[in-house]
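A short worksheet on the structure shown next.
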Amino acid sequence: MKAQGYLIFGLLFALLIAVFAVVNGNDVSFNYIFGTVKWPLVLIILGSAAVGGLAVGFFGILKVVQLRNRVRRLESQLKKQESLQKETIVDDHQKELMNETIDEPQRRYRAAEEPKRSRSQI
């Protein structure tokens with residue numbers, strides 16, 4: 001829906017420029033770097049609008065390409081961070097498991113010693 005709105009706005013703007021150009025149809029002197037020519041004002045207005053549209057389109061495409069590259073770079077950084085986080089979680093879980101397996105014999109020993117201590121204290 002948004003794209004259709006932009007299209008309609010662009011067509012209305014182009015129509016406005018065309019009407020303005022047709023109303024101003026007299027010949028004018030156009031000075032550029034290499035010389036001077038007499039052209040109808042219609043051509044100068046439409047040509048200027050076309051060059052401006054091409055410039056805006058070029059810079060828009062350039063910005064889109066830059067943003068896509070940035071998104072790709074950030075996605076790869078995110079994947080790296082997620083893999084590091086998963087590795088850290090796995091490492092922490094493995095350490096907990098190792099501590100549990102190491103502590104298990106100590107718990108068993110303590111559990112076996114508790115009844116002996118309580119008997120000897122009686």
Side-chain angles (χ1 to χ4, degrees):
M1 191 70 180
K2 200 173 194 181
Q4 290 174 346
Y6 287 136
L7 180 65
I8 291 171
F9 178 73
L11 290 174
L12 289 175
F13 189 69
L15 181 65
L16 179 69
I17 290 174
V19 168
F20 181 73
V22 170
V23 170
N24 294 302
N26 39 344
D27 286 347
V28 292
S29 160
F30 180 68
N31 297 321
Y32 57 96
I33 297 173
F34 304 111
T36 303
V37 292
K38 279 199 161 208
W39 282 352
L41 189 57
V42 172
L43 292 178
I44 294 173
I45 292 172
L46 292 177
S48 299
V51 169
L54 289 173
V56 167
F58 173 74
F59 288 116
I61 289 172
L62 184 65
K63 188 67 173 176
V64 167
V65 169
Q66 288 175 343
L67 290 174
R68 282 185 185 166
N69 288 337
R70 184 173 182 198
V71 166
R72 285 186 190 129
R73 187 172 13 98
L74 291 173
E75 284 176 345
S76 68
Q77 287 178 356
L78 179 63
K79 286 179 184 177
K80 287 178 186 176
Q81 290 295 327
E82 286 175 347
S83 66
L84 286 174
Q85 185 179 14
K86 285 179 184 176
E87 288 176 8
T88 304
I89 290 171
V90 169
D91 287 345
D92 290 344
H93 185 67
Q94 286 177 347
K95 286 178 184 177
E96 288 174 11
L97 289 175
M98 290 297 291
N99 287 338
E100 287 177 8
T101 56
I102 291 172
D103 290 343
E104 188 62 31
Q106 291 175 356
R107 282 189 212 132
R108 287 182 188 165
Y109 177 76
R110 289 182 191 148
E113 289 293 317
E114 286 297 321
K116 291 179 185 176
R117 288 183 189 161
S118 62
R119 288 183 206 156
S120 63
Q121 291 175 353
I122 297 179

Atom pairs and distances, donor-acceptor, side-chain atoms in residues 68-84, under 3.5 Å, two or more places apart:
unit_1 : atom_1 : unit_2 : atom_2 : d
N69    : ND2    : V65    : O      : 3.4
S76    : OG     : R73    : O      : 2.7
S83    : OG     : K79    : O      : 3.4
S83    : OG     : K80    : O      : 2.8

Distance-only donor-acceptor hits, side chain of residues 31-54, under 3.5 Å, sequence neighbours excluded:
unit_1 : atom_1 : unit_2 : atom_2 : d
N31    : OD1    : T36    : OG1    : 2.7
S48    : OG     : I44    : O      : 2.8

Using links of under 4.5 Å between side-chain heavy atoms of ILVMFWY residues, direct or through other members, which residues join L11 in one cluster?
L7
